[in-house]
Structure formats: C-alpha cells, structure tokens
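Because the structure is predicted, anything quoted here is derived from the model rather than measured. The figures that follow rest on heavy atoms only: side chains count, while hydrogens, waters and symmetry mates do not.
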Amino acid sequence: MKALSGTGGLIRLILRRDRIVMPLWIVLLVAISVSYVKQYGDLFPTPDSRVKYASNAGFITLYGELSGSSLGEFVTWRLGFVPVMVGLISLLTVIRHTRVEEESGRRELLGATVIGRHAQLAAALTTVLGANLVLGVLLAFGMQSQNLPLGGSIALGIEYAGTGWLFAAVGAVAAQLTASAGTARGVAISVLGASYVLRAAGDTSEHTDGPLAWLSWVSPIGWAQRIHPYGENRFWLGGIVLAATVALIGAAVALSVRRDVGAGLLPDKPGPAEGNLGSPLALAWRLHRGLLLAWMTGFALLGLLFGGVAKGVGDLMRDDATLQDVFRRMGGAAGLIDSFLAGVMTLVGLIASAYAVQATLRLRAEETSGRAEPVLATATSRWQWAASHLVFSLLGPAVALLAAGVAEGIAYGLAIGDVGGQLPRLVAAALTQLPAVWVLAAITIAIFGFVPRLSMVSWAGPALCILIGLVSAGVATAAWVRDISPFTHLPSLPGGDLSPGPLLILLAITAVVGTAGLIGLRRRDLPA
C-alpha cells in the first residue's frame, strides 16, 4: 500500500482547489436536467406529440433514438447530449490533476514528500468518481421529486455517473501516454468524439433500417444511453460501463509503472536544432496552434451536422404550432428554418465562449508554471506578453465561428440547392456571435488581472449563459434573467434584423472590462 501513501491528503488538496468549479458543474447539470421535466411536459403533454417530435432523423443524430413515449423517456432522450458534457468534464478534470501537475513540476515537488507512486492518479480518480456519484444521486432524487418513477430516476443517475466514470478513466489512460497535457486532452477528447459519432451513426442507421446499427453497441455513450431509463431500465448495461471503467483504470495504473515521472509512454518529437521563436506572438502561436486547430475542426463538423439537418427540421416544424413557438423563442424571427438556424448559431456562439475562456486562461497556466517569467525577463512587457495570447482569445473564436458558418452554409445550401445564397447569410450569422463571446473573454481577462487565484471562476460565465439559453429556449423566462447573458442582446440571424446598437455596446463593454484587466495585470505581482 506504500504506492498509495498520501492519497487522502491529495484528495483534500484537489477538493480545495476545485471547491468552486466542481460544485458548480454538478449543480448546473442537475438543475438543467430537472428543469426539463416541467418544460417539456407542458410543451408535449401527449405521447403522440413526443413521438412526432423525436422522429426526425436530425434529432436522432443529435440525441439518439427515443426508447418510448412516456414523459421520463422523452426527457431523458432530450437530454441526450448532457452525458457527453459529463464525460468531457470528467476527463478534463482527471488530466488537470495528473498530467498538468507533472507538466508544471508540482508533481515532482510532491513526490519529494511521503507520496506514493500512484497517489496522484488515485486521488484524481477518487475525486472525479465521487463527484460523478454525487451527480447521479442528486439527479435521481431531483427527477423523482418531479413525480417520475424512482426506478427510472435511479437508472438515469447511473447513466450520467457511469458515463463520467468511464471517461474519467479514459482521461487517466491518456495522461500516461504523453508528456504534454494538451496532447493528453486531445487524445481523450478524440475518444469521446469518436464515441459520440459512433452512437450517432448507429442510431441514424437503425432508424432508417440501415446496416450500421451495430455501431451504437461499440460506443460507450451508446451503452449508457441504452440503459433506457423510465423504460426498460437495463441496469445490467451499467455493469458493463463499470467493468470497462475498472479495466481502463487498471490499464492506467499499469502504464504509469512503465514510465518516468514527467514523461509519457509515447516519445516526444525533437524540436528544431535552432530556435526560431523570435517574438512573444511566435511563442503564443506555438502554444495555441493545436488548440485552435482542434476547435476549428470541431466547429466545422458542428456546422456540417446542423446544416445537414436544417431542411428536415423545417419540414417537421411546419406542421406543429408548438414546435414553431419553441424555435422562435430560440432566437429566430423570419421563417421556421431561419428560427432553427438562429437557435443553432446561439448554441455555437455559447460553445465558442468556452474556447475564448480556455484560450485566455492560458495566461494563468503560463504564469503558474513559471514559463512567463523567462519571457518577461527579456525586453517583453507584460502588455506585450498578454496581448500575444489575447490575439488567440479574440481571433481564435472568430476563426472557429467562421469555420462553423462556412460548413453550415455549404451543407444547408447543398440540401436546398442554394449555396451561393445561404453561405454569406450563415457566415454573417456566425460572426455576429463574436461580441458576446468577447465579453466573456474580457471578464476572464479582468479576473486574471485582479484576482488571478480565482481565474477558474471565469468558467461560470459560459456555464451561466448556457443555463439561461437552455431554460429560455423551452419556456418563457423573465426578461431580467435573459438579459444577464450577452447572447440575449445579439440580433437573431439569419432571418432577423441587424441592429448595430447592441453590438457596439457589447464591444464597448469588452474594451472597458478587458483594458481594466490588463491594467490590473500591470500593477500586481507576477506570479501571484
């Protein structure tokens, strides 16, 4: 047991460091899920209306196949993307407390104390698995409090917790493979993305009686969703997810024995014999380019997906007044398909805000790792150093949104035979999200500049905006609640009227808040 010495102390350290972020994502995911019961129960009170809504091939691609017509089954289906979010948060948290600790050098310092070989990995996994268990328990009680069957509520909690457990284990394995935290994230997120794509392809093929329905059964996300809460309640599939989790954790432990602390099993590529990073911007490009490419690719795939299903969504909504009202609330104004596309663009913008926050927080990572000090020891000023990273915080989301707009315009244009007409409309709709994205980036800059130790609180901005967007999309919400989100003040494009006033106000807020953050950075100690 010497290999696990000090695990308890490390667990307490992780809980202290994540005392804000961890409860936040647990409460938000439970609140969103529970709120859907009343929202969609009021919108779709009859089994026929639920089945009709869920029978569209585009929705099946996004959320999976509806297992039945009860309210519990319908809500579980509509929340089909939430387990993906749980898996993403789980794998990122494990990597943060394992590979990031090694990359920054903190793991080596801890290793000089009475800390066992596997204590860091065990502490990270124990904390994340425990957080997912709490999520599952709270979700089960929350859904049961909405008068849904207890057995189905427990099954839904198992679905969420099991997905989080499995991808936490995936993150643990990825952390052993490479010495770079960024590459580890890329490996783990690729596995998550592949699981989602396999599930989507398998369910779509099954719906159309195609030959690829079996693909859903090779996807871990497919296993979890096929528990079918409130329907068959296949608890035995939870056992398969648990067995896979245990196997992956065992693999992570076995791999960790075969490598040195700070190193990965996959060999690093040697750099050039002579350095060519002649400026802070060149260094920032080297640090951000992988992240930029990953987000740009993901946004392009999202654009292709949403653009491809838009025509079918429009055909579905034309015959249902209730659906027309739902999608009009999501942001559209002129035409049902435009309403759907406007809602999609808001969702894409919300995701882009997460990229902006992540890119901005690279400043904090460079500071805490000690890499900022050698740069600032040269003739580079703090503002130059910060600006080199903020280029990617501001322009990176613009590139990603442009990729989404182009892909969506091409996909939808090809579907209706009007690429030339739809491409500029959807590119403009995508880029219109930028002012709201930049507001959240500016808030992150301000937090980093004045209270750097609370930098992780920056994630509350995108989380709150997503929560407001999800709730207001389904039901009428108080105006003051919607106004908290900068995305509420954007014009609804395509289909709406473009008013420059709100955009200019958001840009002014970005400039004022961002500049204040840079002033705070200039005046405080570094590192702090």
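- Nearest heavy atoms, S49 versus T46: OG-O, 2.7 Å.
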| request: Test V173 against V170 for side-chain contact (heavy atoms from CB on, under 4.5 Å), laying out the working first. | output: CA-CA 5 Å; V173 173; V170 169; 5.9 Å; no
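- Among residues at least two apart or in separate chains, side-chain hydrogen bond (donor to acceptor under 3.5 Å, both in side chains) pairs with a member in residues 141-161 are S33-Y160, S153-Y230.
- The side-chain contact (heavy atoms from CB on, under 4.5 Å) check on A122 picks up L4, T7, with sequence neighbours excluded.
- At most 12 heavy atoms of other shown residues, nucleotides or ligands fall within 6.0 angstrom of atom CZ in R12.
- Taken to the nearest 0.5 Å, the CG atom of L125 stands 11.0 Å off from the CD atom of Q120.
- Within the 4.5 Å cutoff, the side chain of W223 has no heavy atoms near those of the S216 side chain.
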Please report, to 0.1 Å, the donor-acceptor pairs under 3.5 Å made by any side chain of residues 235-255, with sequence neighbours excluded.
residue: T245; atom: OG1; partner: L166; partner atom: N; Å: 3.4
residue: T245; atom: OG1; partner: V241; partner atom: O; Å: 2.8

| Can you check side-chain contact (heavy atoms from CB on, under 4.5 Å) on F487 and L350, steps first, answer last? | CA-CA 8 Å; F487 292 92; L350 288 166; 3.5 Å; yes
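- Looking at T93 and D18, their side chains never bring a donor and an acceptor atom within 3.5 Å of each other.
- Side-chain contact between L79 and Y36 is present, with at least one heavy-atom pair separated by less than 4.5 Å.
- We find the CE-CG distance between M345 and L493 to be 9.5 Å, quoted to the nearest 0.5 Å.
- The backbone N or O of G222 sits nowhere less than 3.5 Å from a side-chain atom of W217 that would complete a donor-acceptor pair.
- Side-chain atoms of R99 come within 3.5 Å of backbone N or O of T178 as a donor-acceptor pair.
- A salt bridge does not link R199 with E65: every distance from a Lys NZ or Arg NE/NH1/NH2 to an Asp or Glu carboxylate oxygen is 4.0 Å or more.
- Here T98 contributes atom OG1 and L121 contributes atom CG; the two are 6.5 Å apart, rounded to the nearest 0.5 Å.
- For W295, the ring-ring contact (aromatic ring centres under 6.0 Å, His included) partners are F299, Y355, not counting sequence neighbours.
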| Full working for side-chain contact (heavy atoms from CB on, under 4.5 Å) between Y196 and L192 | CA-CA 6 Å; Y196 179 76; L192 176 65; 6.0 Å; no
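- What you find for L139 and V30 is that their closest heavy atoms are N-CG2, 4.1 Å.
- Inter-residue side-chain proximity for L135 and W25 is flagged as met; some heavy-atom pair is nearer than 4.5 Å.
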| request: Let me see the working for I416 and Q422 under side-chain contact (heavy atoms from CB on, under 4.5 Å), right down to the final yes or no. | output: CA-CA 9 Å; I416 65 173; Q422 298 304 320; 3.7 Å; yes
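- Residue T127 holds its OG1 atom at 11.0 Å from CG of N132, rounded to the nearest 0.5 Å.
- The minimum heavy-atom distance linking A168 with L129 is given by the pair CB-CD2, 4.3 Å.
- No donor-acceptor pair under 3.5 Å is formed between the side chain of T488 and the backbone N or O of I484.
- Atom CE of M296 and atom CG of L301 lie 11.0 Å apart (nearest 0.5 Å).
- Between the side chain of R16 and the backbone N or O of L13, no donor-acceptor pair lies under 3.5 Å.
- Contact check for L71 versus R50: side-chain heavy atoms found under the 4.5 Å cut-off.
- No donor-acceptor pair closer than 3.5 Å links the side chain of H97 to the backbone N or O of I14.
- Under the rule for a side chain to side chain donor-acceptor pair (under 3.5 Å), the partners of S67 that lie at least two apart in sequence or sit in another chain are E73.
- If you take CD on E408 and CG on L341, they are separated by 5.5 Å, rounding to the nearest 0.5 Å.
- Closest approach of A161 and G136 over heavy atoms only: CB-CA, 4.4 Å.
- Contact record, L440 with S353: CD1-CB, 3.5 Å, taken as the closest heavy-atom pair.
- Looking only at side-chain heavy atoms (C-beta outward), L426 and P494 come within less than 4.5 Å of each other.
- Inter-residue side-chain proximity for W165 and L133 is flagged as met; some heavy-atom pair is nearer than 4.5 Å.
- Sorted by first and then second residue, the salt bridge (charged side-chain N to carboxylate O under 4.0 Å, His left out) pairs with a member in residues 231-254 read E232-R234; sequence neighbours excluded.
- Using modelled atom types, no side-chain atom of S69 and backbone atom of P47 make a donor-acceptor pair closer than 3.5 Å.
- Of all heavy-atom pairs between V357 and S458, the closest is CG1-CB, 4.0 Å.
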